Amino acid sequence: MTTTVIEDATGVNTNVDVVIMAAGKGTRMKSRLPKVLHRLAGRPLLAHVLDTARALQARQAVVITGHGAAEVEADCAANALALAPLELKFVRQEPQLGTGHAVQQALPVLADDAIVLVLSGDVPLTQPATLFHLIKACGGSQLALLTLEMAQPDGYGRIVRSGNAAEGAVQAIVEHKDASPEQRQITEIYSGIMAAPAALLKRWLARLDNHNAQGEYYLTDVVKFAVADGVAVCAHKIDDALQVAGVNSPVQLAELERAYQLRQAQRLMEEGVRLADPARLDVRGDLLCAHDVSIDVNCVFMGKVNLGEGVSIGANCVIANAVIEADAVIHPFTHIDGGELGVTVGRGALVGPFARLRAGATLGAEVHIGNFVEVKNSTLAAGAKANHLAYLGDASVGERVNYGAGSITANYDGANKHRTVIEADVHVGSNCVLVAPVTLGAGGTIGGGSTITKSTPAGALSVARGKQVSIANWSRPAKVPKAPKE
Ligand code: UD1
Ligand code: MG
């Protein structure tokens with residue numbers, strides 16, 4: 001999780017309470033999954049918003065749930081630890097009578113001294129720095145709105161200013177459905193994000209009604225109450241539409257995903273990473289790269305991945321939770337998933353094509369793992385090689401070991417897992433079965449096709465298979481001719 005530390009946070013944002021509206025149905029997603037749990041860059045939309053609240057060093061985040069409330073709350077709660085010290089609270093809004101009604105539900109858990117920042121659970125890409133400006137603009141005494149110029153403002157709430165001048169004081173937000181033809185010409189729209197002093201917000205929300213085109217309690221009506229009360233309303237206008245873009249449909253979700261990924265690609269390239277095609281990269285987590293990293297097309301990175309200097313990643317690799325050390329080469333179609341244990345690929349190692357490294361695979365320097373080789377919870381010391389069609393599970397492999405094609409560690413007896421130890425410089429022939437627990441002594445050789453059930457001495461040739469016999473002049477059975485029909 002990336003955290004943006006806000007430089008001059010002192011004093012200004014110690015009392016920020018974030019309210020996240022997440023009760024809506026998301027009908028257009030046409031999905032059983034609540035909308036805010038759909039994933040962007042591998043994480044629920046709502047998790048992105050909660051991360052933002054944490055980055056703002058907010059005091060608490062109050063999530064308003066309704067549709068799929070139990071599922072949404074359970075998902076957030078599962079990640080609560082990662083959000084600390086942000087305090088997470090839930091309030092339910094049932095039924096959903098509009099955005100104003102939604103925020104009303106949160107009022108009992110908001111202290112009067114708070115600056116309330118209202119966000120939506122389906123708007124995942126707002127930058128903490130943008131919100132910090134909004135919080136500063138609110139300053140505990142004003143109403144601050146995040147706004148945007150839009151060439152196609154249909155559907156959005158319009159910012160109505162006095163004298164219709166772009167610099168005129170904000171008078172109201174008028175929803176599209178309630179707007180007059182003249183108001184619909186206004187291109188400055190309300191983003192859905194505002195910051196307000198809690199005490200004032202409480203007063204204004206008590207005055208809401210639903211006498212409008214949609215019969216809803218509009219949060220946006222607080223603007224006219226602020227104006228009536230003589231409270232200054234300021235609009236903080238940004239020009240980056242992506243920051244306030246919401247997700248209402250699979251199309252919008254895919255658009256946001258691509259925009260987000262393109263930004264990640266740009267950031268990586270600015271750091272010196274060479275991408276074969278910035279449009280064909282997916283980073284669903286944190287990807288850290290040293291200098292001179294190159295990444296071919298269609299690679300997916302998940303969880304925490306660290307690529308050392310000079311690392312090269314071939315096309316179509318999926319890499320999760322792994323550390324790839326300097327100058328290692330990951331050939332195309334390699335799948336690496338470190339899970340909770342992680343995977344380490346040593347300096348100058350060669351992996352793939354078509355290799356699979358699972359949790360706990362730890363490869364030393366210059367290790368070679370070739371096609372259709374699977375490694376799980378095993379350590380391979382420097383220079384060890386398993387180049388073709390092999391399985392190493394729960395094994396400790398010494399330096400310079402050569403592990404033959406088709407060989408496997410039989411690490412599971414049906415009930416328990418056992419370890420295989422292959423000491424330095426052992427040569428395991430092709431098609432061997434190493435029945436764990438077993439230790440192959442240093443420098444030993446295992447004859448191809450052996451099933452090894454007992455540990456082998458150092459330096460010895462060990463063979464465990466049927467002896468080859470040849471029977472001279474062997475005549476193969478011949479077909480008996482069928483008797484002709486009578
Ligand atoms: C809202 C604004 C509009 C703004 C637009 C920006 C209002 C009245 N209008 O309109 O000015 O331009 O956002 O996208 O606020 N939600 C609840 N409970 C409800 C209703 C909504 O939790 O009863 C949640 C939704 O799930 C969503 C968010 O609030 O996450 C915004 O609701 P939505 O219906 O999308 O608002 P708009 O009508 O688009
Ligand atoms: Mg609506």
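Everything numeric in this text was worked out from a predicted model, so none of it was measured. Indexing begins at 1, ligand by ligand and atom by atom, following the structure's order. Just so you know, these numbers use all the heavy atoms, side chains as well, and skip hydrogens, waters and symmetry mates.
Of all the heavy atoms of Val244, none lies under 4.0 Å from any atom of ligand 1, so neither backbone nor side chain is involved. Neither the backbone nor the side chain of Lys35 has a heavy atom within less than 4.0 Å of ligand 1.
Between Glu374 and Arg358 there is a salt bridge, since a side-chain N of the basic residue sits under 4.0 Å from a carboxylate O of the acidic one. Ion pairing of Arg43 with Asp75 is absent here, as no side-chain N (NZ or NE/NH1/NH2) approaches a carboxylate O to less than 4.0 Å. In summary, Arg274 and Asp292 engage in a salt bridge, as defined by a charged side-chain N under 4.0 Å from a carboxylate O. Classification of Asp394 and Lys417 as a salt-bridged pair fails, no side-chain N sitting under 4.0 Å from a carboxylate O. Salt-bridge check for Arg280 with Asp296: failed, with every basic side-chain N at 4.0 Å or more from each acidic carboxylate O. For the pair Lys89 and Asp17, the salt-bridge criterion is not met [side-chain N within less than 4.0 Å of a carboxylate O]. Between Asp221 and Arg207 there is no salt bridge, since no side-chain nitrogen of the basic residue lies less than 4.0 Å from a carboxylate oxygen of the acidic one.
For ligand 1 and Gln96, the ligand atoms under 4.0 Å from any heavy atom of the residue are 19 (C), 23 (O). Close contacts between ligand 1 and Thr220 involve ligand atoms 7 (C), 8 (C), 9 (N), 11 (O), 15 (O) [criterion: under 4.0 Å to a heavy atom]. Heavy-atom proximity to Thr99, at under 4.0 Å, picks out these atoms of ligand 1: 7 (C), 8 (C), 15 (O), 20 (C), 21 (C), 29 (O), 31 (C), 32 (O). Interface atoms of ligand 1 facing Gly157, defined by a heavy-atom separation under 4.0 Å, are 3 (C), 4 (C), 11 (O), 12 (O). Set against the non-hydrogen atoms of Ala22, the atoms of ligand 1 under 4.0 Å away are 22 (O). Close approach of ligand 1 to Met21 is summarised as follows: ligand atoms under 4.0 Å from at least one heavy atom of the residue are 22 (O), 24 (C), 28 (C), 29 (O), 30 (O). When each atom of ligand 1 is checked for a heavy atom of Ser191 under 4.0 Å away, the hits are 6 (C), 14 (O).
With sequence neighbours left out, the salt bridge (Lys or Arg N to Asp or Glu O under 4.0 Å) criterion links Asp112 to Lys202.
Residue Ala102 has no N or O atom closer than 3.5 Å to an N or O atom of ligand 1. Some N or O of Ala23 is nearer than 3.5 Å to an N or O of ligand 1, by distance alone. For ligand 1, the polar-atom distance check finds no N/O of Tyr156 at less than 3.5 Å from any of the ligand's N/O atoms. Between Gln93 and ligand 1, at least one N/O pair is under 3.5 Å apart. Close N/O approach between Asp122 and ligand 1 is found [any backbone or side-chain N/O within under 3.5 Å]. Residue Gly192 has no N or O atom closer than 3.5 Å to an N or O atom of ligand 1. The shortest N or O to N or O distance between Ile189 and ligand 1 is not below 3.5 Å. Not a single N or O atom of Tyr218, backbone or side chain, sits closer than 3.5 Å to an N or O atom of ligand 1.
Note on ring orientation: taking the six-membered ring where Trp is involved, the planes of Tyr217 and His101 are tilted (angle from 30° to 60°).
Ligand 1 has no atom lying under 4.0 Å from any heavy atom of Gly66. Remark: distances from the non-hydrogen atoms of Leu97 to ligand 1 include one below 4.0 Å.
Side-chain contact annotation: Arg356 with Thr334, donor-acceptor N/O pair under 3.5 Å absent.
Sparse packing is recorded around OH of Tyr156, with 12 or fewer heavy atoms of other residues, nucleotides or ligands lying under 6.0 Å away. A 6.0 Å sphere centred on NZ of Lys237 holds more than 12 heavy atoms belonging to other residues, nucleotides or ligands.
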